[in-house]
Amino acid sequence: MKIVILSMFSVPTGHTKVAEVLRNSLSQEYPNAEIKIIDFLTFSSSLLEKMVSNIYYKWIRESPESYKSFYQKVMMKESDQSVFLKSISRFSPYFENKVLTLVKNEKPSLLMCTHSFPSRIIGKIKSQSNNLTCKTVNVYTDFFVNDVWEKEQIDYHLVSTEQVKQKLVTEHRISPDRVYYTGIPVSEVFKRKNPSLPLQRKGRKHVLVAGGNSGLCMGKNVFRDFSESKHLQFSVLCGHNHRLYRSLLEKPNITPYMYIEDLERLNDIYDSVDCIITKPGGVTISEVLHKQIPVFIFAYLPGQEEFNLTYLLERNLVFHFDEKEPFSSLEEILYDPNEVQRKVEGVERYLSSLQYGLPEVWKKIQVNTRQKFNMNPVDQKPSSEIFLSG
């Protein structure tokens, strides 16, 4: 059996992290399966991937409001008038040929997408021909679904919220047995707690600051407030931001970390803190929701993170502060057990609403495709019949 998971960029993002979670889950269930993660833009053109990723990060840094306008007007409006979707249609034949070449070379039984763009291209192929016979899956990495994602032509959907499931079923008329409410997939590592760490810590509260893999989270003034706080200890995940890391090394109550690849080590840090300050990126938020750590949002990127924040606030899952608000307000809440408990209860309701774990989904797809799984692949020959179109 071969499974191909299509992410978008070669740089670490939430899309690539979810792709790795999927690969690890499938490998656990089917150790003899051949599973590949392919960065779709890099596969299509490494030069294009570098150009697009550079433009994206520069755009959101230097002109966030224009990016916000672009996202709202283009990514969230599925219509023939959408300039972006027209552009996709114009260049679609190039990317369609890339997908068909990939499928011809890899011969996957299952083709999964953790980004909307390759999903859209797959939809174009399937709507025009029968050249793509492998089963296809969308795995959504935010708490909403933008309109670039292909819906009707995709066989199965792993959705982040009950609202996304209802949208697919009611607006796009997708059969409910093709939609699985899993939440945004996170590693099993984050679903367990380190028993060696104390449940209640005395003394100064420990705050984790996570700004995404680029180290983007909040302005310099907030870090100045960190260093002036006498009642809090901070750990800061700087991602690949070397400048931020160096600037924090000499702060007395701040411990900076560069990008942490080891999930066990990251989980230990999660288990050691009293709360987290972060952006509303779907994957990081999902990780800490499973840890049931109080979440404080001080900043967010325009576009998808803004939509995520709306969902999180509506469900009472996070605290939200403007950067202009006094930092002391975080301390007041953090030392108020009643305030923290209300958020913890909201998180518990969210986690209890999740309907499927990934192993259950793989078995459901097996049943729906009427295929026989090799349930003990370690002791038997690899099966090539899993997930084949039937």
Side-chain angles (χ1 to χ4, degrees), residues 12-14 17 186-187 189-301 305 317-321 323 327-336 340 343-344 347:
T13 64
K17 288 184 74 173
V186 302
S187 171
V189 170
F190 302 122
K191 297 179 184 179
R192 61 177 185 263
K193 203 167 184 69
N194 188 335
S196 65
L197 294 172
L199 294 176
Q200 298 294 331
R201 288 169 291 275
K202 297 180 180 180
R204 287 196 296 181
K205 296 290 186 180
H206 186 181
V207 180
L208 178 65
V209 183
N213 290 323
S214 297
L216 295 168
C217 188
M218 52 194 67
K220 295 180 180 178
N221 290 337
V222 176
F223 285 110
R224 181 194 63 200
D225 291 339
F226 287 179
S227 61
E228 294 175 356
S229 176
K230 298 179 181 179
H231 306 291
L232 301 175
Q233 178 68 36
F234 296 90
S235 292
V236 180
L237 303 181
C238 300
H240 297 287
N241 192 328
H242 293 271
R243 181 180 297 179
L244 175 62
Y245 176 79
R246 290 192 297 269
S247 72
L248 299 177
L249 279 173
E250 302 303 321
K251 303 294 183 182
N253 62 333
I254 299 177
T255 303
Y257 297 91
M258 290 302 293
Y259 179 70
I260 297 175
E261 191 170 351
D262 184 346
L263 298 186
E264 294 285 357
R265 184 185 179 204
L266 181 58
N267 187 55
D268 286 344
I269 294 176
Y270 282 158
D271 282 338
S272 72
V273 302
D274 296 283
C275 76
I276 181 170
I277 299 173
T278 188
K279 303 186 296 91
V283 178
T284 298
I285 289 289
S286 294
E287 289 174 354
V288 296
L289 288 180
H290 278 281
K291 302 303 300 181
Q292 299 189 38
I293 305 170
V295 180
F296 292 82
I297 306 296
F298 272 76
Y300 55 85
L301 298 178
E305 290 190 355
L317 296 174
V318 300
F319 297 99
H320 179 220
F321 292 95
E323 279 192 50
F327 188 70
S328 59
S329 56
L330 179 144
E331 292 188 50
E332 292 172 5
I333 290 176
L334 195 53
Y335 282 93
D336 184 342
V340 172
K343 285 294 185 289
V344 170
V347 171

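FYI, the numbering just counts along the sequence from 1.
Checked options Arg192, Lys291, Lys191, Glu287; the residue passing with Asn267 is Lys291 (criterion: side chain to side chain donor-acceptor pair (under 3.5 Å)).
Side-chain contact check for Gln292 versus Val344: some heavy-atom pair is nearer than 4.5 Å. Asp274 is not listed as a side-chain neighbour of Leu232, based on a closest heavy-atom distance of 4.5 Å or more. Using a 4.5 Å cut-off on side-chain heavy atoms (C-beta onward), Leu237 and Val209 make no contact. Within the 4.5 Å cutoff, no side-chain heavy atoms of Val318 are placed close to those of Pro280. Looking at Lys279 and Ile297, their side chains never come closer than 4.5 Å, going by heavy atoms from C-beta outward. Taking the side chain as every heavy atom from C-beta outward, Phe234 and Leu208 never approach each other to under 4.5 Å. Inter-residue side-chain proximity for Tyr257 and Arg265 is flagged as met; some heavy-atom pair is nearer than 4.5 Å. With contacts defined as side-chain heavy-atom distances shorter than 4.5 Å, the pair Val207/Ile277 qualifies.
Considering OG of Ser247 and CD1 of Ile254, their distance stands at 8.0 Å, rounded to 0.5 Å. Rounding to the nearest 0.5 Å gives a distance of 5.5 Å between CZ of Phe321 and CZ of Phe298. Atoms OG1 and CD1, on Thr284 and Ile276 in that order, are 7.0 Å from each other to the nearest 0.5 Å. Between the SG atom of Cys275 and the CG atom of Leu330 there is a distance of 5.0 Å, given to the nearest 0.5 Å. Here the straight-line distance linking atom CD1 of Ile293 with atom NZ of Lys343 works out to 15.5 Å at 0.5 Å rounding. Taking CZ from Phe296 and CG from Leu334, the interatomic distance works out to 5.5 Å, rounded to the nearest 0.5 Å.
Within the 6.0 Å centre-distance limit, the rings of His240 and Tyr259 are counted as a close aromatic pair.
Minimum heavy-atom separation, Gly239 to Met258: O-CE, 3.2 Å. Contact detail for Cys238 and Tyr245: the closest heavy-atom pair is SG-CA, 3.7 Å.
Of the possible donor and acceptor atoms, one in the side chain of Gln233 sits under 3.5 Å from a partner among the backbone N and O of Asn253. With hydrogens and angles disregarded, a donor-acceptor distance shorter than 3.5 Å links the side chain of His206 to the backbone of Ser272. In this structure a side-chain-to-backbone donor-acceptor pair under 3.5 Å is present from Thr278 to Ala210.
For the pair Lys205 and Tyr335, the cation-pi test (distance below 6.0 Å, angle within 45°) is passed.
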